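Below you'll find the structure, written out as structure tokens, and then a few comments.
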Protein chains: 2
Amino acid sequence: MHSERVASRSADPRDPRDSRESRSGTPQLDAVSLGIIEQLQEDGRRPYAAIGKAVGLSEAAVRQRVQKLLDQGVMQIVAVTDPLTVGFRRQAMVGINADGDLEPVADALTAMPEVEYVVMTAGSFDILAEIVCEDDDHLLDVINKRIRILPGVRSTESFVYLKLKKQTYMWGTR
Amino acid sequence: MHSERVASRSADPRDPRDSRESRSGTPQLDAVSLGIIEQLQEDGRRPYAAIGKAVGLSEAAVRQRVQKLLDQGVMQIVAVTDPLTVGFRRQAMVGINADGDLEPVADALTAMPEVEYVVMTAGSFDILAEIVCEDDDHLLDVINKRIRILPGVRSTESFVYLKLKKQTYMWGTR
DNA sequence: TCCCAGAGCTGCGAAATCCGCAGCCTTGGA
DNA sequence: TCCAAGGCTGCGGATTTCGCAGCTCTGGGA
């Protein structure tokens, strides 16, 4: 039994290690690590032994891999909620257009505590940022006094959240 | 010591229970539960005893509260990653405009495994949906053959992700 | 070719954590 | 006034986590 020890050598002939990196500097993951992530996407507190049984590894090995994935920043194990149910009254997605290099703008957004999510995109917006605020005043303040002021920012468009319908992290399990 | 047992009765005079619900049917949370969530937003695997010490509750009480929060769907404890680093080549935010009742459209989106995030918004889009795909063909397929076909959908606009800059869930700790 | 260093895995006790349960207290309704 | 329900505590027993020593495989250097 413990069926696929194979996975660690057949699926990807190379080591599970960071033998090859994508250009962004993030390590490449083998099938076993993906399996571990998949298990933890279902339940972030699942015991290492149970994960090991599922992916064909010992408890200790799973523990080492998980620790490494966390250290590398590849994954994080956290509680997620719908902010609207936890006292934050206003949440919005903001589309941003800017001139020149977008990196400094994105970095400035990343530094703001109210900004939960920043992604650079292709399309009619250069950057999308998700904002979580206490109330309308707070939201207005962040957008007008903190974002639209950033050097290079040409325009913004806001989408205030009315209702969160879905929020999952289980793409691994489909 | 165990300073604020107060919190469970002074901050909000009512029980920590779902004595009063917001209109969406989600229970109201007291300060202690918020504290627990905050702890788990920093580290989803933090031991119950450590959380208890931080919020002034026994280990068993924390365990019961966490279980209840999970059962109620108020929070989930999961591993989150940047899909782009885990083998999914294409990710996009799609803005959608539709006629009539938006609920069925949102429900249909929610049912799609490739859709990770669905939110109804105010602004020039009615719905925002985040999509995670294997590659360009897959993405194109989902948008053209699955989303734009939905009854009521008038138009869509896509923002393909180039680089994820920030992704946090620690709004509680600021 | 031989040898060594590094990475990853296993197995194993010790320590810490999780879990179920009985009992106590408070609140609200009959 | 009494009872039922919800929430909390404390406590053992079962389970899990943790640290460590030892093994294997691989790649590089002499």
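So you know, we letter chains A, B, ... as the sequences are listed, proteins then strands, and number each from 1. Side chains are part of it too, since the values below use all heavy atoms of this structure and drop only hydrogens, waters and symmetry mates. Because the structure is predicted, anything quoted here is derived from the model rather than measured.
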Can you establish whether the number of heavy atoms outside A:R89 located under 6.0 Å from its atom CZ is more than 12?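 Counting other residues, nucleotides and ligands, CZ of A:R89 stays at 12 neighbours or fewer.
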
Upstream residue (5' side of DNA chain D) when B:A60 and A:R46 are each assigned their closest nucleotide: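 The 5'-side residue here is B:A60.
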
Side-chain N or O of A:R45 closer than 4.0 Å to phosphate OP1/OP2 of D:dT16: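 For D:dT16, OP1/OP2 do not have a side-chain N/O of A:R45 under 4.0 Å.
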
Tell me: [atom1] of [X] to [atom2] of [N], nearest whole Å?
| X | N | atom1 | atom2 | result |
| --- | --- | --- | --- | --- |
| B:Q67 | D:dG7 | CD | C1' | 15 Å |
| A:R65 | D:dT17 | CZ | C1' | 19 Å |
| A:R63 | C:dA16 | CZ | P | 15 Å |
| A:Y48 | C:dC9 | OH | P | 15 Å |
| A:Q64 | C:dC9 | CD | C1' | 7 Å |
| A:K68 | C:dA7 | NZ | P | 8 Å |

Between A:E59 and B:P47, name the one whose nearest nucleotide on DNA chain C is closer to the 5' end.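 Looking at DNA chain C, the more 5' nearest nucleotide goes with A:E59.
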
Compute the angle between the rotation axes at the two ends of the helix from C:dT1-D:dA30 to C:dA30-D:dT1, each taken over five pairs, rounded to 10 degrees.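 The angle separating the two end axes equals 20°.
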
Looking only at atom types and distance, does a side-chain atom of A:K166 sit under 3.5 Å from a main-chain N or O of B:M112, one as donor and one as acceptor? yes

